Amino acid sequence: MRLLIRGEPGPAGGRYVRCEGVLLTETPDVVPPVILGVRGPKSQAAAGEVADGLLLAEPAAPAYISSSLQHMNGAPHTSSPEVVTYDAAAVDDDEDTALARVRDGLTAIGEPAWAAHIDPLPFATQLREHRAACADARQFAQTMPTDWVRRLSIVGTPAQAREAIKARHAAGATSVVLTPVGPGPLASLDSLARVLDPRP
């Protein structure tokens with residue numbers, strides 16, 4: 001990928017990719033970072049060898065961000081990896097309203113595919129036990145302890161949401177993407193915009 005976007009011929013064909021001799025005629029003036037959207041430790045370690053950073057799907061709690069960077073082992077060819085995170089988000093002047101809305105964005109996280117996101121959390125075992133005790137994913141999300149909801153999403157008042165974003169940056173995220181949750185996600189964009197620091 002790096003060769004191609006620098007305008008150099010593609011390398012010899014490999015097992016999964018065949019682009020030998022391919023030459024892009026339109027290349028960017030500034031070569032963007034190559035980041036991989038991978039979840040687990042082995043894939044993140046591989047990303048550390050070949051990529052400039054990670055794209056972490058939701059939920060991307062600070063503990064997951066930190067452990068992902070440890071797996072990546074500092075990406076030997078880059079001193080500061082790009083880490084783009086995604087999180088379910090709901091913002092309201094009333095924290096309880098935001099908490100109730102964001103739960104719908106957390107229904108899937110009790111499933112086995114999300115284990116890598118959950119394993120670094122101090123309540124991982126309890127979360128799995130809670131999911132096993134629930135009839136379905138909706139019941140799981142609706143009855144999850146409020147503290148877990150806060151840690152697994154960007155939620156609450158604008159000030160609380162800003163703190164959650166700061167915590168993700170402190171853990172190593174370079175970009176934090178908010179995924180709106182609730183009826184009419186597009187309508188939620190105005191409330192999420194309130195999280196942004198006011199500009200003069």
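The model shown is predicted, which means the values in this text are computed figures rather than measured ones. The basis for the numbers below is simple: all heavy atoms, side chains too, and nothing from hydrogens, waters or symmetry mates.
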Distance-only, no hydrogens or angles: does the [X] side chain make a donor-acceptor pair with backbone N or O of [Y] under 3.5 Å?
X      : Y      : result
Arg6   : Val31  : no
Arg103 : Phe140 : no
Ser43  : Arg39  : no
Asp92  : Asp94  : yes
Gln160 : Thr157 : yes
Glu82  : Leu54  : no
Arg101 : Ala89  : no

Please report the closest heavy-atom contact between [X] and [Y], naming both atoms and the distance.
X      : Y      : result
Thr85  : Ala173 : CG2-CB, 3.8 Å
Ala137 : Glu111 : CB-OE2, 4.1 Å
Ala161 : Val91  : CB-CG2, 3.9 Å
Pro81  : Gly53  : CB-CA, 4.1 Å
Tyr64  : Pro120 : CA-CG, 4.0 Å
Trp114 : Glu58  : NE1-O, 3.1 Å

Hey, does [Y] have a side-chain heavy atom less than 4.5 Å from the side chain of [X]?
X      : Y      : answer
Leu127 : Leu152 : yes
Leu106 : Val181 : no
Pro158 : Asp93  : yes
Leu121 : Arg151 : no
Pro11  : Cys19  : yes
Ser67  : His71  : yes
Ile5   : Pro32  : yes

ILVMFWY network linking [X] to [Y], side-chain heavy atoms under 4.5 angstrom:
X      : Y      : value
Leu99  : Ile109 : yes
Val195 : Val155 : no
Val83  : Val38  : yes
Leu69  : Val50  : yes
Val102 : Ile154 : no

For Phe123, is the CZ atom crowded, meaning more than 12 foreign heavy atoms sit under 6.0 Å from it? yes
- Do other residues, nucleotides or ligands put more than 12 heavy atoms under 6.0 Å from the CZ atom of Arg138? no
So ring pair (Phe, Tyr, Trp, His ring centres under 6.0 Å) across residues 90-109, not counting sequence neighbours, yields none
Quick note, side chain to side chain donor-acceptor pair (under 3.5 Å) partners involving residues 118-127, not counting sequence neighbours, are Asp119-Arg128
How long is the straight-line distance from [atom2] of [Y] back to [atom1] of [X], given to the nearest 0.5 Å?
X      : Y      : atom1 : atom2 : result
Leu196 : Ile165 : CG    : CD1   : 7.5 Å
Leu56  : Ser175 : CG    : OG    : 11.5 Å
Arg131 : Gln139 : CZ    : CD    : 8.5 Å
Glu49  : Leu36  : CD    : CG    : 11.0 Å

